[in-house]
Every structure is written in C-alpha cells, then in structure tokens.
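Comments concern the structure below.
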Amino acid sequence: MASSLREIKEETGITNVSLYSSNTFDQFYSPIENYIYIAPVFVGFVNAEQDVNLNHEHSEYKWLSFHEAIEQATMPGNDEVLKFIEKHFVKTAPSEFLQVGK
C-alpha cells in the first residue's frame, strides 16, 4: 500500500496523510467491454490547509463535504461508498488495524 501513499504524493503533492483501507470496494460492470472493474477504496485524512500541488494529470480539485460529494457522485454506487466512509471513518474512529503504512 506504499504505492497508494506514493500516488497521493505524486498527484497532489500531499505528504502528510493518514491513510486507511476502507475494507470496501468500488465496482462496476461495463456492458460495452464486458468486464467487471473492482478497486479497493482508501480513506485519507489530511489537513485541509495543506498545500495541494496537482501534477500534469489533473487540472483542478475541490474540498467537499460528504453531502456535496454524494450530490456530485455520477457513478451509481459511489454515493453508497461515501455514506459507508462517513459512517465508519468520520462518525466513528477508524480501526488502527486498517491504517496503511504506519
């Protein structure tokens, strides 16, 4: 999972992050290409005041509340993942067993 921390640094410049495995997955089926995409979901806690320096792969970012993120979720299921994260990582403290790269 050090690769997840490396990706955060490379794509955002953020180096001070507490990263957790959410113990859930994002998934969808592509009927056009006939495949199932499954990816682990990670949760990162960062200070919102931390400088963000996007790399060439990205043009913008925005800090959102859970409500705003759920409203803007475009893929079916993303809203459920966000609700899961809010319940298990914000409303309750995450298990230290799920922390990545301690």
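All values derive from a computational prediction rather than experimental measurement.
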Is it true that Lys83 and Glu86 have a side-chain N and a carboxylate O under 4.0 angstrom from each other?
->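 A salt bridge is absent here (no side-chain N lies under 4.0 Å from a carboxylate O).
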Could you grab the distance from atom [atom1] of [X] to atom [atom2] of [Y], nearest 0.5 Å is fine?
X: Thr92; Y: Lys87; atom1: OG1; atom2: NZ; answer: 8.5 Å
X: Arg6; Y: Ile8; atom1: CZ; atom2: CD1; answer: 11.0 Å
X: Glu71; Y: Leu64; atom1: CD; atom2: CG; answer: 11.0 Å
X: Phe28; Y: Asn78; atom1: CZ; atom2: CG; answer: 9.5 Å

Is there a side-chain contact between Val17 and Leu5 (heavy atoms, below 4.5 Å)?
->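 A side-chain contact exists here, since the closest heavy-atom pair is under 4.5 Å.
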Is there side-chain contact between Val100 and Tyr20, with heavy atoms separated by less than 4.5 Å?
->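 The answer is no; the side chains never approach within 4.5 Å.
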Assess the side chains of Ser65 and Glu68: does a donor N or O sit below 3.5 Å from an acceptor N or O?
->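 Short answer, yes.
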Give the C-alpha distance, both sets of side-chain angles, the deciding distance and a yes or no for side chain to side chain contact (heavy atoms under 4.5 Å, CB included) between Gln50 and Thr15.
-> CA-CA 9 Å; Gln50 192 169 179; Thr15 58; 4.3 Å; yes
Can you list the steps and then say if Thr12 with Asn53 is a side chain to side chain contact (heavy atoms under 4.5 Å, CB included)?
-> CA-CA 5 Å; Thr12 68; Asn53 298 303; over 6 Å; no
So Phe84 and His88, would you call those rings parallel, tilted or perpendicular, with 30° and 60° as cut-offs?
->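 Tilted: the ring planes of Phe84 and His88 meet at 30° to 60°.
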Taking every non-hydrogen atom, the tightest pair across [X] and [Y]:
X: Val81; Y: Phe25; result: CG2-O, 4.2 Å
X: Ser22; Y: Phe89; result: CA-CZ, 3.5 Å
X: Ala73; Y: Asp79; result: CB-N, 4.1 Å

Taking atom NE2 of His67 as the centre, does the number of heavy atoms from other residues, nucleotides or ligands within less than 6.0 Å exceed 12?
->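 For His67, atom NE2 is not crowded (no more than 12 foreign heavy atoms under 6.0 Å).
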With side chain to side chain contact (heavy atoms under 4.5 Å, CB included) as the test, would you mind laying out the steps for Ser4 and Leu19 before giving the verdict?
-> CA-CA 8 Å; Ser4 299; Leu19 189 65; 3.6 Å; yes
Donor-acceptor contacts, no H, no angles, side chain residues 34-48, under 3.5 Å, sequence neighbours left out:
| from | atom 1 | to | atom 2 | distance (Å) |
| --- | --- | --- | --- | --- |
| Asn34 | OD1 | Tyr29 | OH | 2.8 |
| Asn47 | OD1 | Glu49 | N | 2.7 |

